[in-house]
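When a ligand or atom number is given, it counts from 1 through the structure's own listing order. The structure presented is a predicted model; accordingly, all values stated were derived computationally and were not measured.
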Amino acid sequence: MVSFSRRCLFAFLLAAAADALRVPQACPAIPSLTSFNDTALPDLFTFLDGRKVKTLADWACKREEISTLMQRDELGTLPGRPESMNVSFSGNTLTIGVTQSGKNITFAPTITYPTTGTAPFPALIGMGGVSIPTPSGVAIIQFNNEQMAAQDTAASRGQGLFFNLYGSDASAGAMIAWAWAVRLIMDALEKTPEANINTGRVGVTGCSRNGKGALVAGAFEPRLVLTIPQESGSGGTDSWRISDFILSTGISTQTASEIVQENVWLSSNFDQFANTSVNKLPFDHHSLAALVAPRGMFAIDNLGYDWLGPFSSYGAMISARTVWTAMGVSDFMGVSQAANHTHCVFPSTQQPQLNAFIQKFLFDEQTDTDIVETAGNYTFEVPDAQWAPWSVPKFV
Ligand code: MCU
């Protein structure tokens, strides 16, 4: 159990993250889920066997339950580390060569260094690029996610370097393949001090489809200290259940049944739920975001596009935030929904909020990140009778 003293945020954060991730030997078994059916967002504080999640150690088990089931039923399997990896660094390019079962792939993220600040630098991994203004003193690591796993159309299934290694019939959708590569980028940075990146201060961001990927990477790579999904919509910060509801009221919102026709972000194992009922899923995307806790997370949204399901994102993110609340660090998770603006063009109104998150999590400064703000006419609090009829404990 960690102390919640804020005197040294990073010592706290790392200890709390380690605690939240330390899976005790005796977690409740994951029951057969054929009968699961709930129109509300599944309770983050109840195991599927009915036991309550009361402590950080319980949360480590609950987190494992969510991670296991999300891989199985939605994202596909995140493979373990490959058999071997070779890293070289030259001319701001990190070349990562990986071998598995006699097959090899190479990918090469590039690093753009800040003109101010001190080495080793904090960094943001840009999932397919960065659509927030580059923070000063922060290196940008460009990750070409589409080379790793394609995301052009539904015909992109099984295409990209990841599938050259693990086979085109691997269960992974594109997003978990990207998360696997982000883990290797972190491994490579740790092995390469000459790259001058502070591996204890690396975050991830991306916009729209790449925002979905940024959230999955943040959820599955525990060394990332800050996750900034931007306008990620369905498959990202949105709830499958709330998006279905919004569509049923006649508002054109992307849903699970549409997304599986459109692209390959998710495993084909998800089709059975998307094509029948998402209520059968024992998780939703509040559960995905909750995997990030207690690390920093800032969910950025845009009210301008119904397709992005902004209310769905708001409901899911407020629900996810309860896990940070249970940990006593609700301000480590922020939600900001700006008024209509061009998709993926970051509005200046959100700049101070973004700065607060960057300064706290990448520079260890004491900033005010207690941010829950929407330009929408939404009220959502947990418990919510329709969507989140559960109570929030304080972990002991
Ligand atoms: C919000 O992300 C996606 C969305 O899921 C797709 O339906 C649409 O085609 O593209 C969006 C996007 O990535 O825009 C750049």
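Taking the six-membered ring for Trp and thresholds of 30 and 60 degrees, Tyr113 and Phe89 have ring planes more than 60 degrees apart, a perpendicular arrangement. Ring geometry, Phe357 versus Phe361: the interplanar angle falls under 30°, so the pair is classed parallel (tilted spans 30 to 60°).
Close approach of ligand 1 to Trp307 is summarised as follows: ligand atoms under 4.0 Å from at least one heavy atom of the residue are 4 (C), 6 (C), 7 (O). Short contacts between ligand 1 and Leu308, defined as distances under 4.0 Å to a heavy atom of the residue, involve ligand atoms 1 (C). The ligand atoms of ligand 1 that sit less than 4.0 angstrom from a heavy atom of His343 are 14 (O), 15 (C). For ligand 1, the atoms lying closer than 4.0 Å to a non-hydrogen atom of Gln254 are 4 (C), 5 (O), 6 (C), 7 (O). Every atom of ligand 1 with a heavy atom of Lys212 under 4.0 Å away is listed here by number and element: 1 (C), 2 (O), 3 (C), 4 (C), 5 (O).
Taking distance alone, with nitrogen or oxygen atoms compared against 3.5 Å, Trp265 stays at or beyond that limit from ligand 1. Inclusion of Ser232 in the set of residues having an N or O under 3.5 Å from an N or O of ligand 1 is not warranted.
Of the protein's non-hydrogen atoms, the one nearest atom 12 (C) of ligand 1 is Ser208 OG, 2.5 Å. Arg209 NH2, 3.0 Å is the protein heavy atom nearest to atom 10 (O) of ligand 1. The nearest protein atom to atom 9 (O) of ligand 1, hydrogens excluded, is given as Glu262 OE2, 2.9 Å; this is a heavy-atom distance.
Shown here are the side chain to side chain donor-acceptor pair (under 3.5 Å) partners of Glu373, two or more places apart in sequence or in another chain: Gln353.
Under a cut-off of 6.0 angstrom, the local environment of CG in Asp49 is crowded, with over 12 non-hydrogen atoms contributed by other residues, nucleotides or ligands. Around CD of Glu194, the count of heavy atoms belonging to other residues, nucleotides or ligands within 6.0 Å exceeds 12.
Partner of Ile141 under the side-chain contact (heavy atoms from CB on, under 4.5 Å) criterion, out of Leu94, Leu189, Thr110, Leu124: Leu189 alone.
Within the structure, disulfide (SG to SG under 2.5 Å) pairs that include any residue of residues 195-231 comprise Cys207-Cys344 (at least two apart or interchain).
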